[in-house]
Amino acid sequence: MNILRQLNDAIAYIEQNLCAEFDLDEAARIACVSADSFVRFFSYMTGMTVNEYIRRRRLTLAAQELRQSDARVLDIAVKFGYDSADAFSRAFVKQHGITPSACRKGEGSLKVYPPASFHIIIKGAAEMDLRFITLDETRVYGISKQYEGQNYRNQEELRHIMWAVDCDNVPEQLCEGRWNQPDCHAMDGVWYGIWQNGTYMIAREKEAVRSADFEQRTIPAGTYAAFRTECGGNAWEEIPRLFEQIFDAWLPESEYKVSHDMVIEILHLWTDYQTRRRKRFYEVWIPVEEKSVGKGSAR
C-alpha cells in the first residue's frame with residue numbers, strides 16, 4: 001500500500017533527523033499530504049502530536065546514550081535539541097522520572113518509546129516502562145509443560161491451561177495454600193513464568209513452594225531488560241501486550257539482542273482476590289547483550 005510506504009518513509013525521515021531541526025513540510029512532502037493533514041493524521045493514529053513524538057524519541061535516545069557513553073550531560077543535551085543542561089534535566093525527569101545522573105548510574109527505570117511504524121496496526125510510539133537489571137544466578141522450582149510440537153494454538157492457550165483454577169491449576173500444586181483462602185498468604189509474592197527450550201514453566205523460589213522435589217530451573221546471572229505493567233490488569237491481556245511491544249517494536253530498534261533462549265514472566269500476586277485485583281502487576285524480563293557483542297540468540 002503506497003500510503004503506508006509513504007507514511008513510513010516520513011517516519012524514517014523524522015528518525016534520521018532527530019538531532020536536527022525538524023522540517024514539517026518535508027515530512028509531509030515525503031508522505032504526499034499537506035502539512036496540516038500530516039499533523040492531524042499522525043496525532044489521530046499515534047495519540048500524540050508530532051512534536052511530542054519527537055521529544056519522547058529524543059529523550060529515549062538520550063537515555064541510551066547516557067548509559068552507553070561517557071559524553072557530558074551538556075553535550076548530550078545539546079545534541080538532542082536542548083539549550084542547557086537544566087532544561088534537558090527537567091524534560092528528562094518529566095519523561096523518565098529520574099535525573100540524567102541517576103540514569104547514567106543505572107538507577108531507576110526508563111520510559112522508552114520505540115519508533116512508530118505504520119502497518120495495518122500501529123506498532124511502537126507507546127510508553128514502555130523499562131529498566132536494566134543485573135541478576136544473580138537464581139534457582140527456582142516448579143512444573144513445566146512442552147509447548148513446541150504440542151499443537152497449542154498459541155502461547156496464551158498453554159499459559160491459561162497451566163494457570164487456570166479449572167484446568168491444571170499449577171499454583172495450587174506448588175503451594176501449601178490456595179487462592180482466596182482466608183488468613184492465608186501462601187500465594188503472596190513473586191511467581192515466574194519461564195519460556196525456555198520449547199517449554200513453559202510456572203515456578204517460585206525454594207522458600208515459596210511446598211517441596212524442593214519439584215522440577216528445578218536455573219535462571220542465569222546476567223543483564224536483563226525488564227519491562228513492567230501498571231497495577232490492576234489481567235495477566236492474559238497485559239503479558240501478551242508486553243511481548244508484542246518488546247519483540248515487535250522495542251527489540252528490533254534497540255542496541256540490544258537476546259543473549260540466550262529464555263524469556264521470563266514475573267507475576268506479582270496476592271492470595272486474597274480483592275488485594276490481588278488492586279495490586280497485581282506483571283513484568284517481562286529478557287536476557288540481553290549489546291548487538292556488537294557476541295552471537296546472541298533470537299526469540
- Reported CG-to-CZ distance for the pair N51 and R55, which is rounded to 0.5 angstrom: 10.5 Å
- Message: Is any side-chain heavy atom of M187 closer than 4.5 Å to one of E172?
- Response: yes
- Message: When you measure from the side chain of Q181 to the backbone of R178, do you find a donor-acceptor pair of N or O atoms at a distance under 3.5 Å?
- Response: yes
- Task: Kindly write out the residues that satisfy salt bridge (Lys or Arg N to Asp or Glu O under 4.0 Å) with R159, not counting sequence neighbours, or none if the list is empty.
- Result: E156, E265
- Can R241 and E238 be counted as an ion pair, charged N to O under 4.0 angstrom? yes
- Is there a donor-acceptor pair under 3.5 Å between the side chain of T138 and the backbone N or O of D136? yes
- Query: Is a side-chain N or O of H96 found less than 3.5 angstrom from the main chain of G108, in a donor-acceptor match?
  - Reply: no
- Short side-chain donor-acceptor distance under 3.5 Å, H268 and E283: yes
- Are W250 and L66 joined in one hydrophobic group, where the rule is that I, L, V, M, F, W and Y side chains link up if heavy atoms are under 4.5 Å apart? yes
- Message: Donor-acceptor pair, distance only, cut-off 3.5 Å: does the side chain of Q150 make one with the backbone of Q146?
- Response: no
- Item | Whether S109 side chain and D129 backbone form a donor-acceptor pair below 3.5 Å | no
- Query: Is the side chain of Q196 donor-acceptor paired with the backbone N or O of I219 at a distance under 3.5 Å, no angle test?
  - Reply: no
- Message: Is there a side-chain contact between Q155 and L158 in this structure, where contact means two heavy atoms from C-beta onward sitting under 4.5 Å apart?
- Response: no
- Task: Taking the side chain as every heavy atom from C-beta outward, state whether Y282 and L269 have any pair of such atoms under 4.5 Å apart.
- Result: yes
- Item | S89 side-chain N/O to D86 backbone N/O, donor-acceptor pair under 3.5 Å | no
- Message: Do D188 and T271 have side chains that approach each other closer than 4.5 Å (heavy atoms only, starting at C-beta)?
- Response: yes
- Under a 4.0 Å N-O cut-off, is there an ion pair linking R29 with D25? no
- Flag the pair Y200 / Y152 as yes when at least one side-chain heavy-atom distance between them is below 4.5 Å, and no otherwise. no
- Contacts of R57 that satisfy salt bridge (Lys or Arg N to Asp or Glu O under 4.0 Å) - sequence neighbours left out: E15
- Query: Does a side-chain heavy-atom distance below 4.5 Å link L110 with Q95?
  - Reply: no
- State, yes or no, whether a side-chain contact exists between L174 and W191 at a heavy-atom distance under 4.5 Å. yes
- Task: Fit a plane to each ring of F42 and Y53, take the angle between them on a 0 to 90° scale, and name the class: parallel (under 30°), tilted (30 to 60°) or perpendicular (over 60°).
- Result: perpendicular
- Query: How close do L267 and G193 get, heavy atom to heavy atom, and via which atoms?
  - Reply: CD1-N, 4.3 Å
- Task: Please determine if R276 forms a cation-pi arrangement with W270, meaning its NZ or CZ atom is less than 6.0 Å from the six-membered ring centre and no more than 45° off the ring axis.
- Result: no
- Item | Side-chain (R204) to main-chain (G142) donor-acceptor, under 3.5 angstrom | no
- Check: E255 main-chain N/O paired with E290 side-chain donor or acceptor under 3.5 Å: no
- Can you label the angle between the W195 ring and the Y147 ring as parallel, tilted or perpendicular, going by 30° and 60°? perpendicular
- Task: Please determine if E176 and R210 form a salt bridge, counting it only when a charged side-chain N lies under 4.0 Å from a carboxylate O.
- Result: yes
- Task: Would you check if F80 and C19 make a side-chain contact, meaning some heavy-atom pair closer than 4.5 Å?
- Result: yes
- Aromatic plane relationship, W285 with Y192 - under 30° parallel, 30 to 60° tilted, over 60° perpendicular: perpendicular
